[in-house]
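One structure is given below, encoded as structure tokens.
The chains referred to below are lettered A, B, ... by the order of the sequence lines, with proteins before strands, and numbering in each begins at 1. Note that this is a predicted model, so its numbers are computed, not measured.
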Amino acid sequence: MLDIKQIRANPERVREGLTKKGAQVALEELLQTDARRREQLGRVETLKSRRNKVSEEVGRLKKAGKDSETLTQEMREVGQEIKALDEEIRGLQTRLEEQLLNIPNLPHESVPLGPNASANQEVRRWGSPPRFDFPAKAHWDLGVDLGLLDFERAGKISGARFTLYRGPGARLERALINFMLDLHTGEHGYTELFPPYMVNRETMIGTGQLPKFEEDMFRVANNGFYLIPTAEVPVTNIHRDEILKEEDLPLYYTAYTACFRAEAGAAGRDTRGLIRQHQFNKVELVKFARPDHSYAELESLTRNAEEVLKRLGLPYRVVLLCSGDMSFASAKTYDLEVWLPSYNDYKEISSCSNFEEFQARRANIRFRPAGGGKTEFVHTLNGSGVAVGRTVAAIMENYQNPDGSITIPEALRPYMGGLTRITGPK
RNA sequence: GGAGAGAUGGCUGAGGGGUCGAAAGCGCUCGCCUCGAAAGCGAGUAGGUGGGUAAGCCCUGCCUCGUGAGUUCGAAUCUCACUCUCUCCGCCA
């Protein structure tokens with residue numbers, strides 16, 4: 001959420017930022033609502049002030065045994081006025097909040113200007129795509145041929161965009177989760193969390209999924225809970241409505257969760273294989289940082305995610321998203337894209353963002369400066385560290401051998417019971 | 001799912017219509033004392049949002065005692081609904 005004060009004081013700058021992001025927002029209407037609210041608030045506060053004073057006086061008169069009927073009568077009328085004004089203000093407030101919740105974050109000044117993914121900037125590359133002197137297979141063929149992935153039975157028990165992992169395939173998924181968590185907790189200083197997968201509406205609003213993206217979310221029919229689309233949602237919200245100590249910042253959390261996405265608008269894209277699923281696994285990194293450190297924290301968070309791919313020996317590149325390609329809540333985003341032979345291209349496997357105070361304002365997450373003084377909003381960041389299903393796909397495809405087997409990356413072997421190669425169904 | 005109890009400031013915990021945004025204790029901060037520390041003594045110590053002032057650790061309005069509504073001139077205090085926590089019972093991996 002943007003700061004209404006900023007919008008009020010600097011509507012042109014906000015408009016400019018929104019344009020960069022490609023958002024259409026009726027700022028005039030918002031400002032009108034705000035002005036009216038402030039005007040009526042001034043009125044009602046004057047009335048309340050008077051009522052408070054007179055009520056005190058009534059108390060004194062009663063104690064002294066004197067008559068207070070005139071004042072009481074007058075205040076009855078003032079009370080009616082206050083009630084009417086309060087009601088109007090409540091209505092204005094609700095409308096204002098609705099509008100604010102639907103305005104996206106503004107891009108940071110270092111974000112390149114552009115309308116869509118074509119304007120994204122490659123920042124760096126690591127490794128080089130493998131050259132195969134045999135017909136390379138896509139992971140959906142490798143996985144099925146080796147008995148690791150069963151899309152047909154997943155379709156039977158659930159439906160499209162679900163996968164059943166089997167044998168070493170299932171173990172590979174589990175091994176990756178453990179490998180990633182061990183790396184981030186053991187070497188990168190993150191605290192491991194295991195949060196609920198179902199959350200309430202306030203939590204979804206806190207991180208920015210709602211109210212705008214209702215159709216992308218799964219909702220549980222009989223109690224209104226939402227299935228989390230990413231661990232970012234529960235983990236960022238653990239400090240909702242809290243005032244943190246400055247000396248406790250930055251806070252680093254990592255969590256493995258399943259993630260659930262309806263992806264209403266994505267029908268027809270990435271229909272084969274593990275790339276786009278209704279349920280997938282992800283290890284997430286979340287940070288709470290002081291505002292003046294958040295961009296340094298974004299760099300290190302991105303490096304932490306990259307380290308996963310390096311250790312697995314997967315070629316990747318880092319892309320700085322342009323203003324028009326960034327998500328609703330983000331001020332700056334680096335995508336990590338892993339090389340996928342079946343796409344003959346790099347494919348997103350992690351998205352690392354600084355939300356500045358956009359989420360903190362929605363979720364009311366603040367800190368008190370060490371020297372005392374006014375509370376400030378923290379900056380929140382997160383990034384995938386990394387998406388597990390896509391990593392499985394990348395390993396299968398990049399580590400495939402001419403005989404259709406798959407070599408296990410060395411870093412993963414301890415997690416695979418020493419297995420070095422997946423050769424086929426028993 | 002059933003029955004009961006509860007929700008107050010960083011924490012414990014009083015207050016049950018009128019100078020209560022709130023006793024007391026703990027904690028914390030500052031000062032005194034000390035070579036230093038502890039103890040002791042003194043002072044301060046919730047959040048939000050407006051206004052005043054050139055600005056402020058200065059003055060000031062309004063709101064907040066789980067949330068929302070109601071009664072009243074006036075609500076932490078009375079009424080209703082909801083949420084959450086705890087205890088017991090039932091069910092359950």
Pairwise [atom1] distance, [M] and [N] [rounded to whole Å]:
{"N": "C57(B)", "M": "C41(B)", "atom1": "P", "answer": "32 Å"}
{"N": "U83(B)", "M": "A93(B)", "atom1": "C1'", "answer": "27 Å"}
{"N": "G15(B)", "M": "G68(B)", "atom1": "C1'", "answer": "24 Å"}
{"N": "C59(B)", "M": "G44(B)", "atom1": "P", "answer": "14 Å"}
{"N": "G50(B)", "M": "U34(B)", "atom1": "P", "answer": "49 Å"}
{"N": "G74(B)", "M": "G18(B)", "atom1": "C1'", "answer": "7 Å"}
{"N": "G17(B)", "M": "A7(B)", "atom1": "P", "answer": "16 Å"}
{"N": "C65(B)", "M": "G4(B)", "atom1": "C1'", "answer": "24 Å"}

Take the angle between the ring planes of Y197(A) and F194(A) and call it parallel below 30°, perpendicular above 60°, tilted in between.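 The rings of Y197(A) and F194(A) sit tilted, inter-plane angle from 30° to 60°.
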For the pair Y253(A) and H239(A), name the ring-plane relationship: parallel under 30°, tilted 30 to 60°, perpendicular over 60°.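 The rings of Y253(A) and H239(A) sit tilted, inter-plane angle from 30° to 60°.
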Checking L312(A) against L176(A) for the side chain to side chain contact (heavy atoms under 4.5 Å, CB included) test, could you report, in this order, the C-alpha distance in whole Å, the side-chain angles of both residues, the deciding distance, and whether it holds? CA-CA 10 Å; L312(A) 294 172; L176(A) 281 166; 3.7 Å; yes
From the list G47(B), G50(B), C62(B), which nucleotide is the closest neighbour of the side chain of K48(A)?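 Selected nucleotide: C62(B).
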Closest to the T375(A) side chain: G47(B), G51(B), C62(B)?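 The listed nucleotide nearest to T375(A)'s side chain is G47(B).
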Gap between atoms [atom1] and [atom2], on [X] and [N] respectively (whole Å):
{"X": "D34(A)", "N": "U49(B)", "atom1": "CG", "atom2": "P", "result": "14 Å"}
{"X": "Q93(A)", "N": "C63(B)", "atom1": "CD", "atom2": "P", "result": "15 Å"}
{"X": "E242(A)", "N": "G48(B)", "atom1": "CD", "atom2": "P", "result": "15 Å"}
{"X": "Q40(A)", "N": "C62(B)", "atom1": "CD", "atom2": "P", "result": "18 Å"}
{"X": "I89(A)", "N": "G50(B)", "atom1": "CD1", "atom2": "P", "result": "14 Å"}
{"X": "E39(A)", "N": "C62(B)", "atom1": "CD", "atom2": "C1'", "result": "17 Å"}
{"X": "D241(A)", "N": "U67(B)", "atom1": "CG", "atom2": "P", "result": "11 Å"}
{"X": "E45(A)", "N": "U64(B)", "atom1": "CD", "atom2": "P", "result": "11 Å"}

Is there a donor-acceptor pair closer than 3.5 Å between any side-chain N or O of S49(A) and the backbone N or O of E45(A)?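 No, S49(A) side chain to E45(A) backbone: no donor-acceptor pair under 3.5 Å.
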When you match T46(A) and R60(A) each to their closest nucleotide on RNA chain B, which lands nearer the 5' end?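 Result of the comparison: R60(A).
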Take K63(A) and V44(A), find for each the nucleotide of RNA chain B with the closest heavy atom, and name the residue whose nucleotide sits nearer the 5' end.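 Closer to the 5' end of RNA chain B: K63(A).
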How does protein contact run along nucleotides 68-84 of chain B, one letter per nucleotide 5' to 3', with B for base contact, S for sugar-phosphate only, - for none, heavy atoms under 4.0 Å? -SS--BS----------
Side chain to side chain donor-acceptor pair (under 3.5 Å) partner of K282(A), the single match among T230(A), T391(A), T257(A):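 Result for side chain to side chain donor-acceptor pair (under 3.5 Å) with K282(A): T230(A).
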Would R366(A) and E357(A) count as a salt bridge (Lys or Arg N to Asp or Glu O under 4.0 Å) if you check the C-alpha gap in whole Å, the side-chain angles of each, and the deciding distance to 0.1 Å? CA-CA 9 Å; R366(A) 295 166 293 169; E357(A) 56 176 55; over 6 Å; no
Mind checking whether Y252(A) and H184(A) have ring centres under 6.0 Å apart?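 Between Y252(A) and H184(A), the centre distance exceeds or equals 6.0 Å.
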Is any side-chain N or O of R368(A) closer than 4.0 Å to OP1 or OP2 of G10(B)?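 For G10(B), OP1/OP2 do not have a side-chain N/O of R368(A) under 4.0 Å.
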Under 4.0 angstrom between K5(A) side-chain N/O and G50(B) OP1 or OP2: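 Answer yes for this pair, as a side-chain N or O of K5(A) is under 4.0 Å from OP1 or OP2.
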Encoded 5' to 3' (Watson-Crick or G-U under 3.5 Å; [ ] crossing; | other strand), RNA chain B becomes ((((((((.[[[..)..(.....]]]((((((.......))))))(((((((.....))))))).[[[[[..)....]]]]])))))))....
Can you tell me how far CZ of F288(A) sits from CG of N382(A), rounded to the nearest 0.5 angstrom?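 One finds 9.5 Å between CG of N382(A) and CZ of F288(A).
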Hey, what do you get for CG (N105(A)) to CG (L2(A)), rounding to the nearest 0.5 Å?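 Separation between the atoms: 6.0 Å.
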So, is G15(B) syn or anti if syn means the angle is within 90° of 0?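 Chi for G15(B) falls in the anti range.
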Need one value for R366(A): base, sugar-phosphate or nothing, where a base atom within 4.0 Å counts as base even if backbone is also close, heavy atoms only.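 Contact class for R366(A): sugar-phosphate only.
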Side-chain donor-acceptor contact under 3.5 Å, R90(A) with Q93(A):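 Their side chains do not contain a donor-acceptor pair, so the 3.5 Å distance test is not met.
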Pair T207(A), E232(A): side-chain N/O donor-acceptor within cut-off below 3.5 Å: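 Per modelled atom types, T207(A) and E232(A) side chains form no pair under 3.5 Å.
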Should we say atom CD of E109(A) is surrounded by more than 12 heavy atoms from elsewhere, each under 6.0 Å from it?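 Result for CD/E109(A): open.
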Extract from the structure each pairing of a protein N or O with an N or O of nucleotides 52-55 of chain B at less than 3.5 Å, listing the distance.
none

Would you check, one step at a time, whether the test salt bridge (Lys or Arg N to Asp or Glu O under 4.0 Å) holds for K5(A) with D3(A)? CA-CA 5 Å; K5(A) 278 187 258 179; D3(A) 185 357; 5.3 Å; no
